[in-house]
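Everything below concerns the one structure shown next.
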Amino acid sequence: MLAEELAPFLKVSVIGLGYIGLPTSAVLASRKIQVLGVDVNEHVVETINSGKIHIVEPELDIVVHAVVTEGLLRATTVPQAADAFIIAVPTPFQANHHADLCYVKEACLAIAPILKKGDLIILESTSPVGTTEKIAQWLAEQRPDLVFPTFKENSKADIYMAYCPERVLPGRILRELVSNDRIIGGMTMACAHRAVQLYKTFVEGECIITDVRTAELCKLTENSFRDVNIAFANELSMICDRLNVNVWELLNLANRHPRVDILQPGPGVGGHCIAVDPWFIVSELPEEARLIRTAREVNDSKPGWVLNKVKEAVGDFINENPSKRTNEVTITCLGLAFKANIVDTRESPALKIAEEIAQIHDGPLFIVEPYLTELPSSLQSKAALKQVDEAIVETDVLLILVEHTLFYSIFSNIPKHCKVVDTRGVLFNQAREYA
Ligand code: SAJ
């Protein structure tokens, strides 16, 4: 092994201080490594330098405050020289579902002038297969004086490059950053070993070496697997509805089989990963990725199906209460977050459904979201944010969109006249628990 491969990392720069970049910076800094966080957003930089955070993630505020106070983490808008650069910028998709790599390219162009022999560059952003190789090309064009590694050619390069996907679950990021196994996709073996050295400073899970393309596809595979499994559950929920079978009971029974493990249906798939990443396979290989595409379509169709169930529930309520008109029917949506027990509403099917109801329903609309103190602007003039106890006694149609633990205690108070659309099986699971 070469001398620089053993050299300790004295200074690491993390480009992109979002949901992955900031926790990674904080954890690295907590291991007494000097970390320079880089973000194009000045507000983000100022917030972090004042020891605060701009995202919601349990315990992150405490760690960031500690490492900023100790002088181990500093944020800036302008990259500076470092021993390693971790790129953790967003990779959204475009209208045609192809990945938009503009932020990755911007990050590369920003660090290109300050790279020096022996530096390590790691891409963590979820990306289509071949992206790390693209980065090597972009950088080689900017820095003809340096030799960049080439996929699987183990010839000596000046810069080490690897793809190391993040796999942490929002709400448990700090814990999972340390405890999860880490896939280390090296452009070459030397690159992989150098990247392992960096992750070993804070990862307690195993660091498993592979090549760069396998690592890129591994990340997409993990999230596509989950998407396909949820699509299967969502499709079953629609089949069961037609057959008058309780899907939650069905899944409980099917999952008793030792080799069956079906995920849970819901109002659709939200968040910024599972609903996005499978497209990075589909858009590149549309002929081969037929199952992955169909899963995406099934999950994307679920909010529309739920909306129809709400319309049916309003119709049923009017049939049973003929003196009422639709503008006298109160609908309550329980939850806006993209999943249980978090504040995050990004790409949330619950929010999307609530917005659609607000567009088409001319009666009162209540929203219960204990993690919010005010409604998103799209709902502000059209709905009222309520406490759960208050909403539940006044509502005619109750739509359960998120299974926040806080909701579980209230279901025995649902009035008899109320029509319930339960997209998460909360009532079934609660009944089982207390049976
Ligand atoms: N969902 C269901 N039914 C289920 C499980 C989830 O409808 O049985 C829905 C959720 O309600 C939510 C969506 O799927 O709307 C996504 O939630 P999630 O918990 O499945 O995943 P994320 O997006 O919070 O995090 C995923 C994780 N990936 C995997 O578990 C394979 C995480 O480990 C990744 O790091 C993250 O994506 C990412 O950043 O890619």
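For ligands, and for the atoms within them, numbers begin at 1 and follow the listed sequence. This structure is a prediction, so every number in the text was calculated from the model and none was measured.
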What distance do [X] atom [atom1] and [Y] atom [atom2] have between them, rounded to the nearest 0.5 Å?
| X | Y | atom1 | atom2 | value |
| --- | --- | --- | --- | --- |
| Asp396 | Phe317 | CG | CZ | 3.5 Å |
| Ile114 | Asp119 | CD1 | CG | 8.5 Å |
| Leu169 | Leu177 | CG | CG | 11.5 Å |

Just need the protein heavy atom nearest to [atom], so name the residue and atom and give the distance.
| atom | result |
| --- | --- |
| atom 33 (O) of ligand 1 | Arg167 O, 2.8 Å |
| atom 38 (C) of ligand 1 | Cys273 SG, 2.9 Å |
| atom 31 (C) of ligand 1 | Asn223 OD1, 3.2 Å |
| atom 39 (O) of ligand 1 | Glu166 OE2, 2.7 Å |
| atom 35 (O) of ligand 1 | Val168 O, 2.7 Å |
| atom 15 (O) of ligand 1 | Phe338 O, 2.7 Å |
| atom 40 (O) of ligand 1 | Lys219 NZ, 2.6 Å |
| atom 27 (C) of ligand 1 | Leu169 CD1, 3.8 Å |

Of all the atoms in ligand 1, which lie at a distance below 4.0 Å from a heavy atom belonging to Pro170?
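Per the distance check, 24 (O), 25 (O).
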Side-chain atoms of residues 283-294: list all donor-acceptor pairs with protein atoms under 3.5 Å, sequence neighbours left out, distances to 0.1 Å.
from   : atom 1 : to     : atom 2 : distance (Å)
Ser283 : OG     : His97  : O      : 3.4
Ser283 : OG     : Trp279 : O      : 2.8
Thr294 : OG1    : Arg290 : O      : 2.9

Quick one, Lys134 with Ser127, criterion side chain to side chain donor-acceptor pair (under 3.5 Å). Give me CA distance, side-chain angles, the key distance, then yes/no.
CA-CA 11 Å; Lys134 252 187 203 151; Ser127 302; over 6 Å; no
Whether Arg346 engages the ring of Tyr19 as a cation-pi pair (distance to the six-membered ring centre under 6.0 angstrom, angle to the ring normal within 45°) should be assessed.
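Verdict for Tyr19: a cation-pi partner in Arg346.
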One thing to verify: whether [Y] and [X] come together as a salt bridge, which I'm taking to mean a side-chain N less than 4.0 angstrom from a carboxylate O.
| X | Y | answer |
| --- | --- | --- |
| Glu124 | Arg182 | yes |
| Glu355 | Lys382 | no |
| Glu347 | Lys352 | no |
| Arg213 | Glu133 | yes |

Heavy-atom contacts under 4.0 Å between [X] and ligand 1: side chain, backbone, both, or neither?
| X | result |
| --- | --- |
| Arg226 | side chain |
| Ile230 | side chain |
| Arg424 | side chain |

[options]: member with heavy atom nearest to [atom]:
| atom | options | result |
| --- | --- | --- |
| atom 16 (C) of ligand 1 | Gly270, Ala275, Ala233 | Gly270 |
| atom 24 (O) of ligand 1 | Lys339, Lys302, Arg172 | Lys339 |
| atom 21 (O) of ligand 1 | Asn299, Ile274, Thr423 | Ile274 |

Any nitrogen or oxygen of Pro349, main chain or side chain, under 3.5 Å from a nitrogen or oxygen of ligand 1?
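Between Pro349 and ligand 1 (N or O atoms, distance only) the closest approach is not under 3.5 Å.
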Geometric N/O contact Glu222 with ligand 1, under 3.5 angstrom
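No; the residue has no nitrogen or oxygen that sits under 3.5 Å from a nitrogen or oxygen of the ligand.
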Can you tell me if Gln80 has over 12 outside heavy atoms packed within less than 6.0 Å of its CD?
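Yes, enclosed.
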